[in-house]
Amino acid sequence: MEWETVIGLEIHTQLATNSKIFSGASTAYGAEANTQACAVDLGLPGVLPVLNREVVNMAIKFGLAIDAELTPVSVFARKNYFYPDLPKGYQISQYELPIVGLGKLEIELENGETKIIGVTRAHLEEDAGKSVHEGFTNMTGIDLNRAGTPLLEIVSEPDLRSAKEAVAYMKKMHSLVRYLEISDGNMQEGSFRCDANVSVRPKGQKEFGTRAELKNINSFRFVERAINFEVERQIDVIEGGGKVVQETRLYDANKDETRSMRSKEEAMDYRYFPDPDLLPVVITEKQIDDIRKTLPELPGAKRDRFMNDFKLSREDASLITSSREMADYFEVVNAKCQDAKLAANWVTGTLTGALNKDGKDLSDSPVSADMLAGMLLRLKDNTISGKIAKEIFEAMWQGEGDADTIIDKKGLKQITDTGAIESVLDEIIAANPKQVEELKSGKDKLMGFFVGQVMKQTGGKANPGQVNQLLRKKLDL
Ligand code: ADP
Ligand code: MG
């Protein structure tokens, strides 16, 4: 039987405010445990939460970016449950009336096509504290610093049909919140994580199968692996004559498997009710219009502009605009060297490779956009060859200065003096009579051999095109 996978994601993204959603306590990451939760975050008797205006603005910004219906009057609700990291016994969230309603996000599939994924809703809520196991034996520590940190929970429609599509959606959403500057998207620190709802159904069947919810996945790689494992598991269960039960499962990255946490029967009844301490959130047309004016150029629009204005391929344009930093970097390089294809190749190739290798972000790149452009100009005006360019890039990466300094210091200027190249060629021709004969008798592949020899002798400083020409002239080819 052929099976179809159905997936819906719930993404939690931490909003980049300085203070918490209902208190003035700091949201900075990495402080000493339990130094950043105040009485409001802990829900001590007699305190009153006050909504942080900035989180509302950020939610509106997000809603506009995904073409969503914004809810004029949304409501905070208490979600009641007991857990050690939630001392007040309830989480303030939104339930029936979330601030952001139905919207959509376009993703790109591997075959180059695009697909629209529905976003059911996005609501504001506070984060809970954290259990800490490291450094404790027979005990669990509780760190409440994170309690009250603002989150935007983004719930997708069950529109995703494979683990790959889920990853593409998650990446696109990650890129979007960073473009909007509403979240730093730091996945190691838990600022961007998701729950994946997964089910399977026989291909062609209209009704959805029973889903399992995979909790708290904090990397793109794990989302893909967790979903693939879960799909296989569900198919095995059904093909073995069993039934998938609705449950919450945990993905264990070490074992690469999902395990049951609780079934639907054990699912909690949260007894949601409107929080009596907080007024409904009213947003006005004026507020929406003001925020609309602050929207940056979004990834899709930027990609299309790069394709139209710079004639980049869709693949290059998508890759470069996947992050705002890379797009900005590219634009600086391109403006200075006036060669979009060359700039795109270096940004997506050598530069990205070097960043990945050293585990660096573009913002910490030792080679600035200006420096890269400076080097590409020397490549374009034939001062250096492509091979030497790689060498110079490496030297710039190691902090040896800009391209012109390195070219001077190391004497890397390309040899354009025909006389100099000819004398090297003469030597090589004399030393390789057999190859010369073969080349003359039509074995044109040997051109590569001769050019290679010249490059070797000149330490990569000859211009390959020029060598080619001179050789043909010398041998009457
Ligand atoms: P809950 O409130 O229990 O989390 P929701 O109806 O809000 O349930 O759905 C949560 C997520 O599960 C959404 O992203 C939705 O798209 C997804 N989802 C719902 N039904 C299915 C299904 N049968 N298979 C896969 N995903 C599903
Ligand atoms: Mg859920």
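Note that ligands are numbered from 1 as they come in the structure, with each ligand's atoms numbered from 1 the same way.
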Looking only at distances, can you tell me whether any N or O atom of G209, backbone or side chain, sits closer than 3.5 Å to an N or O atom of ligand 1?
yes
Heavy-atom proximity to atom 5 (P) of ligand 1, picking from R211, E10, E213, points to R211
Can the ring centres of Y251 and F229 be said to be less than 6.0 Å apart?
no
Close aromatic pair by centroid cut-off 6.0 Å: Y95 and H123:
no
Ligand 1 atoms in contact with S156 (distance to a heavy atom under 4.0 Å):
13 (C), 14 (O), 15 (C), 16 (O)
Closest to atom 24 (N) of ligand 1 by heavy-atom distance, out of P158, S199, A196, is S199
By number and element, which atoms of ligand 1 are closer than 4.0 Å to a non-hydrogen atom of V6?
24 (N), 25 (C)
If the cut-off is 4.0 Å to any non-hydrogen atom of V155, which atoms of ligand 1 fall inside it?
13 (C), 14 (O)
Quick one: look at L9 and ligand 1, take heavy-atom pairs under 4.0 Å, and tell me if it's side chain, backbone, both or neither.
backbone
Quick check: F76 with F22 (ring centres under 6.0 Å apart)?
yes
Distance filter under 4.0 Å to E157 heavy atoms, resulting ligand 1 atoms:
16 (O)
Are E239 and W3 close enough that a side-chain donor and a side-chain acceptor fall under 3.5 Å?
yes
Between Y272 and Y270, what is the ring plane arrangement, given parallel below 30°, perpendicular above 60°, and tilted in between?
perpendicular
Hydrogens and angles aside, do D127 and Q14 bring a side-chain donor and acceptor to less than 3.5 Å of each other?
no
